[in-house]
Each structure stands twice: as structure tokens, then as C-alpha cells.
Amino acid sequence: MIIGICSDHAGVEYKSKLISYLLGKGYEVVNFGTDSTDSCDYPDFAHPMGKAVESGKCNLGIAICGTGNGMAMTLNHHKGIRAGLAWNTAIGKLVKEHNNANVLVLPARFISYQMAVSIVRAWLSTQFAGGRHQRRIDKIPL
Ligand code: RB5
């Protein structure tokens, strides 16, 4: 399982801690940056990670910015990406179970790091339910 991860300056601290967490759990992790707290533009990091998940170079992705919205809006322009924003554990579970999100988006300025880890754990350990949810996600692409 190869997980891509990216952030802007607002998410870089959580990204760096999550990389250590994921490596400790045995995941392979590809870091798409940023690696600095200097102000930057989230699409510069979201698009390369989106392409890697779309192409299968990464199986899943995690994207972190201040609110999560910039990352989600950018990543959802990729046809092969379903990027879902989660701010608590229940939504972290449901974004996989119902929406089969292949990218999890976290709002670093609105959740604690402990919550970020709980959400990641919930998302990674949940399976897509399929059935009526497959029918619904099939209707998303334009
Ligand atoms: C950066 O200040 C902030 O705008 C960004 O992290 C994100 O929240 C955008 O959606």
C-alpha cells in the first residue's frame, strides 16, 4: 500500500507527523511537499499527488491545508480522484464507506493532530460498502 501525502504551509506540520505515523504502521509513503512553513499555493502540491493517485503510482492520498477546501477543490478536478474532506472520525469512516474517497482531505487549522490521526485510522481501516453507493459515485463524473 503506497500512500501519497501533500500539504500547503498550513498543513505541513501535520503532514510531517503523519508521515512518521504511517511509516511506523508499515505503509510506504510518497511525500509531494510542501516541506516548508513558507506561504505557498496548495495546487502546486495537490496536482502532482492527484496525478500519482490517478495513475496508480500511489494507491491512496492524503491532502492537508488550512480548511481542506482548497485541496479538495483542486484534487476533485482530476477525473480519477474522489477527494473527501473529513473533520471527525465518523466522517473519516463514511467518506470511505459511502464515497470511496481515494484521497482524504484534512483541515489542519480546525482539528487537533490527535483527531487527524483518528480520522486517518478510520479512513484506512474502512471498506467501501458498494451497492447503492457505487451507483451514486458512478453518477459523479461529468
Ligand atoms: C492558507 O492560508 C489557506 O488559505 C489554505 O491553507 C487553505 O485553507 C485553502 O483552502
Side-chain angles (χ1 to χ4, degrees), residues 1-54 57-142:
M1 168 71 75
I2 305 174
I3 301 181
I5 190 163
C6 69
S7 75
D8 69 357
H9 53 286
V12 68
E13 187 190 330
Y14 283 14
K15 176 168 69 64
S16 135
K17 290 185 187 172
L18 280 172
I19 290 171
S20 303
Y21 170 79
L22 291 166
L23 291 173
K25 293 288 174 194
Y27 293 99
E28 196 173 323
V29 180
V30 181
N31 177 12
F32 290 86
T34 183
D35 292 310
S36 160
T37 52
D38 294 346
S39 182
C40 64
D41 302 334
Y42 49 80
D44 295 342
F45 307 96
H47 283 311
M49 192 190 80
K51 283 182 192 163
V53 175
E54 265 186 319
K57 283 183 190 155
C58 293
N59 304 103
L60 294 171
I62 297 173
I64 314 161
C65 67
T67 62
N69 279 318
M71 284 293 187
M73 287 178 189
T74 306
L75 285 155
N76 280 316
H77 277 271
H78 292 252
K79 279 253 181 287
I81 300 292
R82 279 176 310 282
L85 178 61
W87 57 92
N88 65 36
T89 312
I91 294 170
K93 179 178 181 321
L94 287 168
V95 81
K96 177 72 82 53
E97 192 177 301
H98 287 189
N99 312 112
N100 202 17
N102 53 2
V103 175
L104 173 69
V105 185
L106 298 170
R109 288 183 174 152
F110 296 88
I111 58 173
S112 66
Y113 175 67
Q114 261 325 109
M115 178 54 72
V117 173
S118 298
I119 293 168
V120 167
R121 204 184 300 125
W123 174 67
L124 286 173
S125 63
T126 299
Q127 301 302 310
F128 178 48
R132 67 187 188 281
H133 300 294
Q134 182 67 57
R135 186 181 72 236
R136 291 165 187 165
I137 66 171
D138 285 345
K139 291 181 178 180
I140 295 174
L142 290 172

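- Nearest heavy atom pair, residue Gly11 against residue Ala108, reads CA-CB, 4.0 Å.
- The 12-atom threshold is not exceeded at NZ of Lys25, counting heavy atoms of other residues, nucleotides or ligands nearer than 6.0 Å.
- Pairing each heavy atom of Ser36 with each of Val12, the nearest pair is O-CG1, 3.7 Å.
- His78 is not listed as a side-chain neighbour of Val103, based on a closest heavy-atom distance of 4.5 Å or more.
- Atom CG of Asp8 and atom CZ of Phe45 lie 8.0 Å apart (nearest 0.5 Å).
- With contacts defined as side-chain heavy-atom distances shorter than 4.5 Å, the pair Lys57/Ile2 does not qualify.
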| query | Where do Thr67 and Leu85 land on the side chain to side chain contact (heavy atoms under 4.5 Å, CB included) test, with the steps shown first? | reply | CA-CA 9 Å; Thr67 62; Leu85 178 61; over 6 Å; no
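- Note that OG1 of Thr34 and CG of Asp41 are 10.0 Å apart. Values are rounded to the nearest 0.5 Å.
- Expressed to the nearest 0.5 Å, how far CG of Leu104 lies from CD1 of Ile64 amounts to 8.5 Å.
- In this structure, NZ on Lys79 lies 9.5 Å from CD on Glu54, to the nearest 0.5 angstrom.
- In this structure, Lys96 contributes its side chain and Thr126 its backbone to a donor-acceptor pair below 3.5 Å.
- When all heavy atoms are compared, the tightest approach of Thr89 to Ser118 is OG1-CB, 3.7 Å.
- Atom CD of Glu28 has 12 or fewer neighbouring heavy atoms from other residues, nucleotides or ligands inside a 6.0 Å radius.
- Looking at every heavy atom in both residues, Ala101 comes nearest to Gly84 through CB-N, 4.1 Å.
- You'll find the side chain of Leu75 stays beyond 4.5 Å of the side chain of Val53, heavy atoms only.
- Across Trp87 and Pro107, no two heavy atoms sit closer than the pair CB-CG, 4.2 Å.
- Contact between Asn76 and Ala83 at its shortest, heavy atoms only, is OD1-N, 2.8 Å.
- With rounding to the nearest 0.5 angstrom, the CD1 atom of Ile62 is 7.0 Å from the CG atom of Leu106.
- Once rounded to the nearest 0.5 Å, the distance linking CD1 of Ile119 with OG of Ser112 reads 8.0 Å.
- Screening residues 111-142 for ring pair (Phe, Tyr, Trp, His ring centres under 6.0 Å), with sequence neighbours left out, gives Tyr14-Tyr113, His98-His133.
- A donor-acceptor pair is defined here as one N or O able to donate and one able to accept, closer than 3.5 Å; no such pair exists between the side chain of Asn99 and the backbone of Arg82.
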